[in-house]
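Quick notes on the structure that follows.
Fair warning: this is a prediction, and the values are worked out from it, not measured in the lab. Throughout, a chain's letter reflects where its sequence line sits, starting with A, and its residues are numbered from 1.
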2 protein chains.
Amino acid sequence: MDWQLLDLLQRDGRMTFAELAKRVSLSAPATTERVRRLEQAGVITGYAAVVAPHRLGLPIEAIVRVRVRSLDTPRFRERVVTAPQVLDADHVTGDDCWLLRVVCRTMAGLEEFVELAQRYGDTTTSLVFSSAARNRPVTRELFGNP
Amino acid sequence: MDWQLLDLLQRDGRMTFAELAKRVSLSAPATTERVRRLEQAGVITGYAAVVAPHRLGLPIEAIVRVRVRSLDTPRFRERVVTAPQVLDADHVTGDDCWLLRVVCRTMAGLEEFVELAQRYGDTTTSLVFSSAARNRPVTRELFGNP
DNA sequence: GTTGAAAGCAGGAGGGT
DNA sequence: ACCCTCCTGCTTTCAAC
């Protein structure tokens, strides 16, 4: 039941509680209550409009892997991770300590960003051709397998 | 003005148009009209609830890079990219043709997934320690630099 | 772009299982 | 604990301007 709500809200975050209630065959107050519980439990952390950067004049998307020298990590977080180009920043295991997803208006802009990142470690940059999936909803199916 | 709306909606996708109107000092119908335009122009592609996988019993998040053999790409898209574990899938330039963000319930589950991906090419897997940024809003600031 | 009226929605109180 | 029905105040939407 909660999975159904999560699925609907991940696909359309602006669906009204009345509509949501219809879809799950519950009354509106009961539905509202369940969603509030999911929010307070930290399962739902927020709602967001999904934007297409390329429609906003940001045609370039890239993944920049950075092997940050550990002493430089605090400054890297301050000066690189917080740059507006950075949409996602993950600290990961392995040789490339950080993975950044960035968007840029021009190649020159990307170059400038990569040069900034280079100050804190070696980088490897991959341009994104296309995204076959983006922010796919988390579903109950994930519990079929181990 | 549209940037202001985009910013507000990316941070709180469920904000009412009435509230939105107050924030941008416009009437509600004018605000609704502007948002509809942004939607139809493809700038806003949807709205989504943001969910925390680790609160749903999916404590493991990983980035799997896959160097897919080109002849296997169609099958890779069908059988790997569409797996429910895959939240993001990007086709990129460089040696690692694909970057997948996956979530799993257990290490065994991740292992199983990586073995599936291995059938289509060599993989490199990084576990995510933490995410310093996730789906950060696209802002007007991006147009200060080139 | 604005206003104003009608329909629909959200959030609370109270009661039933 | 969970759900339902009613009621009041907002929100949305459509019209006219």
Side-chain angles (χ1 to χ4, degrees), chain A residues 1-58 134-144, chain B residues 1-59 84 105 134-143:
Chain A
M1 169 106 293
D2 283 342
W3 278 109
Q4 233 178 119
L5 292 171
L6 281 174
D7 201 58
L8 290 164
L9 283 173
Q10 284 181 97
R11 290 180 207 280
D12 179 5
R14 278 189 81 85
M15 189 177 291
T16 64
F17 290 120
E19 179 66 20
L20 216 49
K22 255 185 267 177
R23 305 280 185 100
V24 300
S25 308
L26 235 61
S27 71
T31 305
T32 308
E33 188 57 25
R34 275 176 180 273
V35 175
R36 293 280 173 264
R37 272 183 199 291
L38 289 169
E39 289 169 354
Q40 289 184 347
V43 173
I44 295 175
T45 60
Y47 300 88
V50 180
V51 157
H54 72 273
R55 295 279 188 167
L56 279 166
L58 297 159
R134 277 294 294 176
N135 269 98
R136 166 117 39 83
V138 177
T139 64
R140 184 176 204 171
E141 298 172 59
L142 276 161
F143 291 82
Chain B
M1 169 105 293
D2 283 343
W3 277 109
Q4 231 177 122
L5 292 172
L6 281 173
D7 200 58
L8 290 164
L9 283 173
Q10 284 181 97
R11 291 178 207 281
D12 179 5
R14 276 187 85 84
M15 188 177 290
T16 64
F17 289 122
E19 179 66 21
L20 216 50
K22 256 183 265 176
R23 305 281 186 99
V24 299
S25 307
L26 235 61
S27 69
T31 304
T32 307
E33 186 59 23
R34 275 175 179 275
V35 175
R36 294 279 173 263
R37 274 183 201 290
L38 289 169
E39 289 169 356
Q40 289 184 346
V43 173
I44 295 175
T45 60
Y47 300 88
V50 181
V51 157
H54 71 273
R55 295 281 188 169
L56 279 165
L58 297 159
R105 203 160 59 80
R134 273 309 307 249
N135 270 98
R136 165 115 43 80
V138 176
T139 65
R140 185 176 204 170
E141 299 173 59
L142 276 161
F143 291 82

For [X] and [N], give me the distance from atom [atom1] to atom [atom2], rounded to whole Å.
{"X": "A/Met15", "N": "C/dA10", "atom1": "CE", "atom2": "P", "result": "12 Å"}
{"X": "B/Lys22", "N": "D/dT11", "atom1": "NZ", "atom2": "C1'", "result": "11 Å"}
{"X": "B/Glu19", "N": "D/dT12", "atom1": "CD", "atom2": "P", "result": "10 Å"}
{"X": "B/Leu26", "N": "C/dG1", "atom1": "CG", "atom2": "P", "result": "5 Å"}
{"X": "B/Glu33", "N": "C/dG1", "atom1": "CD", "atom2": "P", "result": "9 Å"}

5' priority, DNA chain D, between A/Ala28 and A/Arg14 [closest heavy atom]
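The answer here is A/Ala28.
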On DNA chain D, check which nucleotide each of B/Ala18 and A/Ser27 is closest to and give me the residue with the more 5' one.
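Final value for this comparison: A/Ser27.
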Phosphate contact ([N] OP1 or OP2) by [X] side-chain N/O below 4.0 Å:
{"X": "B/Arg36", "N": "D/dT13", "answer": "yes"}
{"X": "A/Arg34", "N": "D/dC2", "answer": "no"}
{"X": "A/Arg37", "N": "D/dA1", "answer": "no"}

Quick check against the 3.5 Å criterion: does A/Arg14 have a side-chain atom that pairs as donor or acceptor with the backbone of B/Gly13?
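Checking the backbone N and O of B/Gly13 against the side chain of A/Arg14, a donor-acceptor pair under 3.5 Å is found.
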Working to the nearest 0.5 Å, report the span between CG of B/Leu20 and CG of B/Leu8.
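These two atoms lie 5.5 Å from each other.
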Tell me which nucleotide among C/dA10, C/dG12, C/dG1 gets nearest to the side chain of A/Pro29.
C/dG12
Ion pair A/Glu33/A/Arg36, N-O distance below 4.0 Å:
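No.
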Where do A/Val24 and A/Arg34 land on the side-chain contact (heavy atoms from CB on, under 4.5 Å) test, with the steps shown first?
CA-CA 11 Å; A/Val24 300; A/Arg34 275 176 180 273; over 6 Å; no
